[in-house]
Trainee: 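One structure is given below, represented as structure tokens, and several questions about it will come after.
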Amino acid sequence: MGFLKRMKEDMDVVFEQDPAARTYIEVFLTYSGLHAIWSHHFAHWFFKRKLYFIARSISQVSRFFTGIEIHPGAKIGRRFFIDHGMGVVIGETCEIGNNVTVFQGVTLGGTGKEKGKRHPTIKDNALIASGAKVLGSITIGENAKIGAGSVVLKDVPDDSTVVGIPGKVVIRDGKRVSRDLNHHRLPDPVEDRCKELQNEINMLKEEIVKLKEGN
């Protein structure tokens, strides 16, 4: 696919994902996520040819203007969408599939000074919500959702939803997870546990009242 067709495809994704998008001119000129992705295509081209200094220079200039840091060594598939994007960091050995969406503040990073594959692999149709941290050489499965603010350190199966610190799978029903933007409605296992404890406390209070009345 030629670069111009790739640009058109990337802009079409914006219209699909962002209801605030109005015209192609507006999207072309003002969407920093697109600018970061397009800059990465150039940087990655130089990186593959071992022109590392040029590649890193392009990525750093892009970071200055967009607030999004994508290492030129990262491999990114088609129809990748970065919503808003400020603070997004994508590491060198990260691999991102097709139709992946990430929101602002997401980190796809490493966990230390290890060599080789040290960043996540994100498979097709995954969604990673605002502020989530996905760290290490792990795999996020197809159609998976990572909830806002989660810290994920282990593999996530296909068709799963993960929330919390550390991230825990809270939905895995074998069905395709919807790629809508309502990531604020994801389950909260901590809140659910607190509700269970409150119910138990209420039951104990009722038992105490009954015992007192019996006396």
Side-chain angles (χ1 to χ4, degrees), residues 10 13-14 17-18 30-48 51-141 144-156 161-167 179 181 183-184 186:
D10 290 336
V13 174
V14 173
Q17 298 280 8
D18 188 356
T30 66
Y31 275 66
S32 59
L34 281 179
H35 301 156
I37 293 169
W38 293 339
S39 296
H40 174 71
H41 293 328
F42 285 111
H44 188 64
W45 188 90
F46 285 104
F47 188 87
K48 288 192 298 183
L51 299 171
Y52 301 127
F53 178 77
I54 297 175
R56 288 305 300 266
S57 297
I58 293 172
S59 69
Q60 289 303 299
V61 170
S62 175
R63 177 193 179 195
F64 177 80
F65 284 105
T66 65
I68 299 168
E69 181 173 349
I70 307 177
H71 192 285
K75 299 177 182 179
I76 297 178
R78 293 172 54 186
R79 299 173 62 81
F80 180 47
F81 178 55
I82 302 175
D83 194 9
H84 296 291
M86 179 61 69
V88 168
V89 177
I90 299 175
E92 177 184 7
T93 60
C94 189
E95 299 179 22
I96 300 175
N98 300 321
N99 300 304
V100 171
T101 298
V102 303
F103 290 80
Q104 66 272 16
V106 165
T107 298
L108 306 178
T111 56
K113 297 181 180 180
E114 65 273 18
K115 300 293 184 180
K117 183 72 167 73
R118 59 191 184 279
H119 298 102
T121 296
I122 314 297
K123 292 191 175 181
D124 296 349
N125 304 311
L127 183 149
I128 305 177
S130 303
K133 313 302 177 186
V134 183
L135 306 175
S137 181
I138 62 176
T139 299
I140 306 301
K145 279 187 177 182
I146 309 300
S150 301
V151 177
V152 184
L153 303 173
K154 297 181 180 180
D155 291 346
V156 175
T161 298
V162 169
V163 298
I165 302 174
R179 295 181 68 247
L181 302 183
H183 49 89
H184 62 286
L186 293 175

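All values derive from a computational prediction rather than experimental measurement.
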Trainee: Heavy-atom distance under 4.5 Å between the side chains of Val14 and Phe81, does that happen here?
Mentor: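 Counting from C-beta outward, Val14 and Phe81 do come under 4.5 Å.
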Trainee: Among side-chain atoms of Asn98 and Arg79, is any donor-acceptor pair under 3.5 angstrom?
Mentor: no
Trainee: Would you say that Val152 contacts Lys133 through its side chain, given a criterion of any heavy-atom pair below 4.5 Å between the two side chains?
Mentor: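 No, too far: nothing below the 4.5 Å cut-off.
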Trainee: Counting C-beta onward and ignoring hydrogens, is there a side-chain heavy-atom pair between Asp83 and Val102 closer than 4.5 Å?
Mentor: no
Trainee: Quick one: closest heavy-atom pair of Ile140 and Ala126, and the distance?
Mentor: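 Scanning both residues completely, I find the closest heavy atoms to be CG2-CB, 4.3 Å.
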Trainee: Donor-acceptor check, side chain of Ser150 to backbone of Ile146, threshold 3.5 angstrom: yes or no?
Mentor: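 No, the answer is negative, given that no donor and acceptor are paired below the 3.5 Å cut-off.
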Trainee: Using the rule side chain to side chain contact (heavy atoms under 4.5 Å, CB included), only one of Asp10, Val13, Val100, Ile122 pairs with Phe80; which is it?
Mentor: Val100
Trainee: For Ser59 and Ala43, work out which heavy atoms get closest and say how close.
Mentor: N-CB, 4.4 Å
Trainee: Taking all atoms of both residues into account, what is the closest heavy-atom pair of Ala144 and Val156, and its distance?
Mentor: CB-CG1, 4.0 Å
Trainee: Contact between Leu108 and Val89 at the side-chain level, heavy atoms closer than 4.5 Å - yes or no?
Mentor: no
Trainee: For Thr111 and Gly136, indicate whether the former's side chain and the latter's backbone hold a donor-acceptor pair under 3.5 Å.
Mentor: no
Trainee: Report yes if some heavy atom in the side chain of Pro72 is under 4.5 Å from a heavy atom in the side chain of Arg56; otherwise report no.
Mentor: yes
Trainee: Are there more than 12 heavy atoms of other residues, nucleotides or ligands under 6.0 Å from atom NZ of Lys117?
Mentor: yes
Trainee: Within the 4.5 Å heavy-atom criterion, are Tyr31 and Asp18 side-chain neighbours or not?
Mentor: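 Yes; the side chains approach each other to less than 4.5 Å.
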Trainee: Output the distance between atom CD1 (Ile128) and atom OG1 (Thr107), rounded to the nearest 0.5 Å.
Mentor: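 One finds 10.0 Å between CD1 of Ile128 and OG1 of Thr107.
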Trainee: If you look at every heavy atom in Ala55 and Phe47, which pair is closest and at what distance?
Mentor: CB-N, 3.7 Å
Trainee: Can you name the closest pair of heavy atoms from Gly147 and Val163 and give their distance?
Mentor: CA-CG1, 4.1 Å
Trainee: Check whether any side-chain heavy atom of Ile138 sits under 4.5 Å from a side-chain heavy atom of Leu153, and report yes or no.
Mentor: no
Trainee: Not counting sequence neighbours, which residues clear side-chain hydrogen bond (donor to acceptor under 3.5 Å, both in side chains) with His35? List them please.
Mentor: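 Listed in chain order: nothing, the list is empty.
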Trainee: Verify, without hydrogens or angle tests, whether Ser130 (side chain) and Ala148 (backbone) share a donor-acceptor contact under 3.5 angstrom.
Mentor: no
Trainee: What I want to find out is whether Lys123 reaches Glu95 closely enough, with some N-O distance under 4.0 Å, to be called a salt bridge.
Mentor: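 No, this pair does not count.
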Trainee: Counting only N and O atoms by type, is there a donor-acceptor contact under 3.5 Å from the side chain of His119 to the main-chain atoms of Val134?
Mentor: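 The answer is no, because no donor-acceptor pair under 3.5 Å joins these two groups.
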Trainee: Main chain of Gly116, side chain of Arg118: is a donor-acceptor contact present, judged purely on distance under 3.5 Å?
Mentor: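 Yes, the answer is positive, given that a donor and an acceptor are paired below the 3.5 Å cut-off.
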Trainee: Would you say the side chain of His71 lies within less than 4.5 Å of the side chain of His40, judging by non-hydrogen atoms?
Mentor: no
Trainee: Of all the heavy-atom pairs spanning Ala129 and Val106, show the shortest one and how long it is.
Mentor: O-CG2, 3.3 Å
Trainee: Could I get the full list of side-chain hydrogen bond (donor to acceptor under 3.5 Å, both in side chains) partners for Thr139, not counting sequence neighbours?
Mentor: none
Trainee: Counting only heavy atoms not in Tyr52 (residues, nucleotides, ligands), do more than 12 fall under 6.0 Å from its OH?
Mentor: yes
